[in-house]
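Notes to accompany the following structure.
Chain A is the first sequence line, chain B the second, and so forth, proteins listed ahead of strands; every chain is numbered from 1.
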Number of protein chains: 2
Amino acid sequence: MTRPLNLEEVGRRAGVSRSTVSRVVNGGPNVSSETKRRVEAVIAETGYRPHAAARSLASNSTGVIGLVIPSAVATLFDDPYFGRLILGISSATNEVDMTLALFLFGAGPDESSIISRVVAPGLVDGVIVTATTRGDPLIDHMQGTSMPFVVVGRPDNAGSTFCVDVDNRAGARTAALHLAGLGRRRPALIAAPSNTTAGVDRRSGFLEGLAEAGLSIEDRIAEGDWSQESGRDAMARLLAERPDAVFVASDRMAVGALRAIREAGLHCPGDISVVSFDGIVPPDLTAPRLTSVVQPVTEVGERAVRLLTAVIAGASTPEHVVFPTELAVRESCGATPTAGA
Amino acid sequence: MTRPLNLEEVGRRAGVSRSTVSRVVNGGPNVSSETKRRVEAVIAETGYRPHAAARSLASNSTGVIGLVIPSAVATLFDDPYFGRLILGISSATNEVDMTLALFLFGAGPDESSIISRVVAPGLVDGVIVTATTRGDPLIDHMQGTSMPFVVVGRPDNAGSTFCVDVDNRAGARTAALHLAGLGRRRPALIAAPSNTTAGVDRRSGFLEGLAEAGLSIEDRIAEGDWSQESGRDAMARLLAERPDAVFVASDRMAVGALRAIREAGLHCPGDISVVSFDGIVPPDLTAPRLTSVVQPVTEVGERAVRLLTAVIAGASTPEHVVFPTELAVRESCGATPTAGA
DNA sequence: TTTAGGCTTGGGAGCGCTCCCAAAGGAGGG
DNA sequence: CCCTCCTTTGGGAGCGCTCCCAAGCCTAAA
């Protein structure tokens with residue numbers, strides 16, 4: 001009968017007590033180097049690993065943070081955005097030696113059971129919530145619990161939450177000014193869903209930039225749902241208004257828009273300039289290469305983790321981190337000569 | 001001073017004992033309906049949630065399964081494959097009311113610390129390991145522990161492990177026969193890395209199919225690294241051999257290959273037929289639409305979870321689940337008229 | 001009436017750890 | 001030489017739960 005391998009047993013083999021082994025495992029002070037050496041030898045020899053659940057229970061901290069992505073996941077996951085975000089978050093959690101738990105809500109009645117797992121005590125120390133829509137009840141719900149959380153994006157009631165966002169508004173404004181500076185006079189907009197704050201911000205930022213440049217958009221606005229298909233449809237519709245430029249609120253929709261332009265027998269950037277938002281689709285994937293407003297997704301993820309650890313540690317005055325964007329000028333806007341095509 | 005909300009406290013408020021509340025929470029038998037009603041009322045009123053860590057410690061099961069994706073993650077994540085896989089796994093874990101923990105190994109010396117978290121007792125009940133390369137030490141390491149695990153893919157030493165894979169070999173063979181059936185006589189291959197079993201299987205399956213059809217491939221083989229860029233380079237090199245057909249071992253590499261064909265002034269499928277493997281890139285993204293061997297990624301993920309739960313429950317004779325693939329004939333092979341282009 | 005057996009309930013023990021305090025030993029200053 | 005203080009070590013208590021067993025109660029059969 002092999003007895004269970006726990007602190008007590010390791011201690012027994014090393015001729016010390018449970019407490020001393022615990023101090024060695026946790027790098028605590030007040031352990032003589034001789035004792036430490038002996039205990040570490042036993043640990044190496046036995047392959048002892050502390051029991052995570054026992055540790056969580058005793059220390060009231062799990063070392064796990066949750067990432068919550070609600071609703072419509074299936075379509076969202078075709079977007080490289082989430083992959084990048086997860087990457088950033090994951091690399092940050094690894095760095096602070098924490099574990100990442102992923103909560104994806106599909107459509108369906110299972111939501112409430114997932115929610116209750118998310119906020120259950122003793123599973124995660126805190127939560128990063130992303131892809132929320134305007135008025136998302138999830139945010140209110142989280143605020144009703146004592147679970148520390150950070151929002152990626154800008155919730156409506158941002159005042160009372162910690163959040164990390166990119167400056168969608170300024171980025172879109174830059175796109176407008178860039179197009180105007182290129183001499184375009186009939187700008188169009190393929191907006192992102194207006195039930196998301198990112199969608200709203202990118203739209204208003206673009207309109208603001210146009211106004212500054214003395215341009216108006218008239219009826220040249222269509223709204224997509226982030227999907228490539230919706231971008232293609234929106235562009236096809238907009239072409240009837242004969243725009244000479246279009247700002248597309250996401251890379252994926254822009255890929256669809258380029259396709260619509262091509263299918264209409266028009267040429268980008270010759271007939272129409274395209275600027276998109278995200279900077280996530282590899283430039284070489286499209287012809288012409290997309291000019292886009294690049295957002296630092298990975299950094300957003302890393303920062304969200306750091307912010308969350310601060311909240312877990314007790315930070316209480318809501319902090320809003322806003323990352324700047326950067327305009328990457330490539331071929332689709334027409335500012336530089338088009339290669340190949 | 002508000003006392004902590006635990007089983008004892010809920011019991012106190014409902015006028016019953018800790019044990020009885022526990023039975024109610026766990027849907028156990030032997031509770032009178034009156035008592036049950038009263039306890040549930042208190043739970044609803046107080047918003048009580050069982051403490052996950054305490055539960056794990058006492059029951060020796062955490063309700064969490066880990067997904068391990070080692071090495072080179074940054075590039076891998078541009079591939080929709082992993083998004084789909086995670087989706088399938090996540091939906092299956094939700095269904096069985098478990099939580100998904102994600103372990104992404106970046107390059108770097110942090111690997112060992114992540115590994116030790118993965119196999120630490122009391123964190124996860126079992127692990128799904130994916131994206132392993134041939135001779136991956138991770139598999140050996142897992143076998144050295146008592147942590148239940150399932151491999152997505154076919155490890156070298158598959159005999160002794162539970163795994164879920166797709167029939168890469170048969171799928172690639174089908175592609176070869178399809179191309180041969182189209183009358184192509186100078187087939188080429190853009191293979192996936194030969195340090196992966198998927199890469200090896202797809203290569204040998206394709207060659208097997210060619211042999212059956214009486215075709216030989218001669219020097220028309222190049223190897224990519226899954227990336228689009230590598231597909232483009234490989235195709236550019238292969239064009240010197242004047243192939244009239246090419247099988248590309250992944251969708252992403254195929255997108256690159258199409259680009260190389262276009263850049264060389266050639267036409268697909270007119271000058272060269274293309275068949276790819278995966279069926280993951282949305283068909284409309286490319287022109288012409290890719291004919292590909294479709295693998296059921298989401299199902300693989302779901303099945304991996306189900307298999308893992310069986311292993312956790314005590315299954316001990318290694319089981320190998322192999323999913324069939326399906327050839328989706330679209331435009332790039334030339335079997336059907338090309339739309340648009 | 002007695003006894004057996006079912007249903008319901010309560011409470012002890014224990015999961016493996018951390019936290020805290022007390023005890024033991026050694027060094028250094030008065 | 002004694003007292004103080006610091007370092008090192010051990011062990012009790014407790015985290016919130018599950019598991020198990022015993023006790024109480026009630027019903028039904030003998």
Side-chain angles (χ1 to χ4, degrees), chain A residues 2-40 42-43 46-64 116-117 119-125 146, chain B residues 2-40 42-43 46-64 116-117 119-125 146:
Chain A
T2 156
R3 56 185 108 189
L5 192 56
N6 52 27
L7 278 188
E8 200 79 46
E9 172 65 10
V10 172
R12 207 186 54 78
R13 299 200 193 191
V16 297
S17 76
R18 174 171 45 94
S19 300
T20 300
V21 180
S22 173
R23 275 186 285 262
V24 171
V25 169
N26 296 302
N30 297 339
V31 182
S32 76
S33 54
E34 162 57 17
T35 305
K36 186 176 172 190
R37 201 195 49 67
R38 218 168 53 239
V39 171
E40 279 171 345
V42 174
I43 290 177
T46 57
Y48 166 79
R49 306 259 172 237
H51 192 286
R55 204 173 225 186
S56 301
L57 180 58
S59 67
N60 198 28
S61 125
T62 64
V64 179
S116 80
R117 253 188 298 134
V119 301
L123 214 202
V124 300
D125 289 338
S146 57
Chain B
T2 157
R3 54 183 110 190
L5 192 55
N6 53 26
L7 277 188
E8 200 80 46
E9 171 65 10
V10 171
R12 208 185 53 79
R13 298 199 193 193
V16 297
S17 77
R18 176 172 46 95
S19 300
T20 301
V21 180
S22 173
R23 276 185 285 262
V24 171
V25 168
N26 296 304
N30 298 339
V31 182
S32 75
S33 55
E34 161 58 16
T35 305
K36 185 175 173 192
R37 202 194 48 68
R38 219 168 54 237
V39 171
E40 280 171 344
V42 173
I43 290 177
T46 56
Y48 166 78
R49 307 258 170 240
H51 192 285
R55 205 174 225 183
S56 302
L57 179 58
S59 67
N60 199 27
S61 123
T62 65
V64 179
S116 80
R117 256 189 295 135
V119 301
L123 214 203
V124 300
D125 289 338
S146 57

Figure out the [atom1]/[atom2] separation between [X] and [N], and round it to whole Å.
{"X": "B/N60", "N": "C/dA13", "atom1": "CG", "atom2": "C1'", "answer": "16 Å"}
{"X": "A/L123", "N": "D/dC17", "atom1": "CG", "atom2": "P", "answer": "13 Å"}
{"X": "A/E8", "N": "C/dC15", "atom1": "CD", "atom2": "C1'", "answer": "13 Å"}
{"X": "A/R23", "N": "C/dT18", "atom1": "CZ", "atom2": "P", "answer": "11 Å"}
{"X": "A/R49", "N": "C/dC17", "atom1": "CZ", "atom2": "P", "answer": "13 Å"}
{"X": "A/E34", "N": "C/dG25", "atom1": "CD", "atom2": "P", "answer": "18 Å"}
{"X": "A/N30", "N": "D/dG10", "atom1": "CG", "atom2": "C1'", "answer": "14 Å"}
{"X": "B/L7", "N": "C/dC15", "atom1": "CG", "atom2": "P", "answer": "19 Å"}

Inset, instruction - Could you tell me whether B/R37 and B/E40 make a salt bridge, using a distance below 4.0 angstrom between a side-chain N and a carboxylate O? - result: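 No salt bridge links B/R37 with B/E40.
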Inset, instruction - Determine, for B/E8 against B/R12, whether the closest basic-nitrogen to carboxylate-oxygen distance falls under 4.0 angstrom. - result: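 Between B/R12 and B/E8 there is no salt bridge, as every charged N stays at least 4.0 Å from the carboxylate O atoms.
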Would you mind classifying the nucleic acid contact of [X] as base, sugar-phosphate or nothing, using non-hydrogen atoms under 4.0 angstrom?
{"X": "A/P121", "answer": "nothing"}
{"X": "A/N26", "answer": "sugar-phosphate"}
{"X": "B/S56", "answer": "nothing"}
{"X": "A/P29", "answer": "nothing"}
{"X": "B/N6", "answer": "sugar-phosphate"}
{"X": "A/S19", "answer": "base"}

Measure from the side chain of [X], starting at C-beta and using heavy atoms only, and say which of [options] lies closest.
{"X": "B/L57", "options": "D/dT18, C/dG10, D/dG16", "answer": "D/dG16"}
{"X": "B/S22", "options": "D/dT18, C/dG10, C/dT8", "answer": "D/dT18"}
{"X": "A/A54", "options": "C/dT18, C/dC17, D/dG16", "answer": "C/dC17"}
{"X": "A/V16", "options": "D/dG10, D/dC17, C/dT9", "answer": "D/dG10"}

Under 4.0 Å from OP1 or OP2 of [N]: is there any side-chain N or O of [X] that close?
{"X": "B/S59", "N": "C/dC15", "value": "no"}
{"X": "A/S17", "N": "D/dG10", "value": "yes"}
{"X": "B/T35", "N": "C/dT9", "value": "yes"}

Legend entry - Side-chain touch B/V119/A/R49, heavy atoms, less than 4.5 angstrom: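 Answer yes - side chains close enough.
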At what distance, to the nearest 0.5 angstrom, does [atom1] of [X] lie from [atom2] of [Y]?
{"X": "A/T35", "Y": "A/N30", "atom1": "OG1", "atom2": "CG", "value": "11.5 Å"}
{"X": "B/R18", "Y": "B/E9", "atom1": "CZ", "atom2": "CD", "value": "14.0 Å"}
{"X": "B/D125", "Y": "B/S56", "atom1": "CG", "atom2": "OG", "value": "7.5 Å"}

Legend entry - Given DNA chain D, 5'-ward residue of the pair A/V31 and A/R18, judged by closest heavy atom: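 That would be A/V31.
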Legend entry - Degree of bending in the helix from C/dT1-D/dA30 to C/dG30-D/dC1 once both end axes are built from five pairs, to 10°: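 For the helix from C/dT1-D/dA30 to C/dG30-D/dC1, the axes at opposite ends meet at about 50°.
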Inset, instruction - Only one of B/T62, B/N26, B/N60 passes side-chain hydrogen bond (donor to acceptor under 3.5 Å, both in side chains) with B/R55; say which it is. - result: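 So the option named by the test is B/N26.
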Legend entry - Smallest separation among heavy atoms of A/L57 and B/A53, with atom names: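 Residues A/L57 and B/A53, closest heavy atoms: N-CB, 3.9 Å.
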